[in-house]
Amino acid sequence: MNKIRVYELAKLLGRTNPELLDILKELEIEVKSHMSSIDMECAQRVEEHIAGKTASPNPSPDAAVPAKKEEPA
């Protein structure tokens, strides 16, 4: 089974080590430090978790339109 170090995964995903350690904690994947190794299945879970947080599935059309400011007459 292939493994990857936490710091290597952080670099691949464009995250800092502390950010990735927090994500691993959220996913209940136990590691001691950025030097720990995780298997590729866990790495895939982390990747999916990050993709789910950054992508908004169906943004509302109103969110993209800035509110109009009314100017006093």
Which atom of N17 lies closest to which atom of A10, heavy atoms considered: OD1-CB, 3.6 Å
Verify side chain to side chain contact (heavy atoms under 4.5 Å, CB included) between I38 and K3, making sure each step is shown before the conclusion. CA-CA 5 Å; I38 58 174; K3 292 191 172 202; over 6 Å; no
For the hydrophobic clusters of this structure (ILVMFWY residues joined by side-chain heavy atoms under 4.5 Å, transitively), does one cluster hold both Y7 and M40? no
Checking L12 now: which residues fulfil side-chain contact (heavy atoms from CB on, under 4.5 Å) with it, not counting sequence neighbours? I4
Would you indicate whether the side-chain heavy atoms of H49 and I23 approach each other to under 4.5 Å? yes
Could you note down all residue pairs passing salt bridge (charged side-chain N to carboxylate O under 4.0 Å, His left out) where residues 38-48 supplies at least one of them, sequence neighbours left out? none
Does a side-chain heavy-atom distance below 4.5 Å link R15 with I50? yes
Interatomic spacing from CZ in R5 to NZ in K11 - rounded to 0.5 Å: 14.5 Å
Which is it for L9 and L13 under the side chain to side chain contact (heavy atoms under 4.5 Å, CB included) test, yes or no, and what are the steps along the way? CA-CA 6 Å; L9 182 60; L13 298 175; 3.7 Å; yes
Between the SG atom in C42 and the CG atom in L24, the distance rounded to the nearest 0.5 Å is 8.0 Å
Qualifying salt bridge (charged side-chain N to carboxylate O under 4.0 Å, His left out) pairs with a residue from residues 18-36, counting only residues at least two apart or across chains: E26-K53
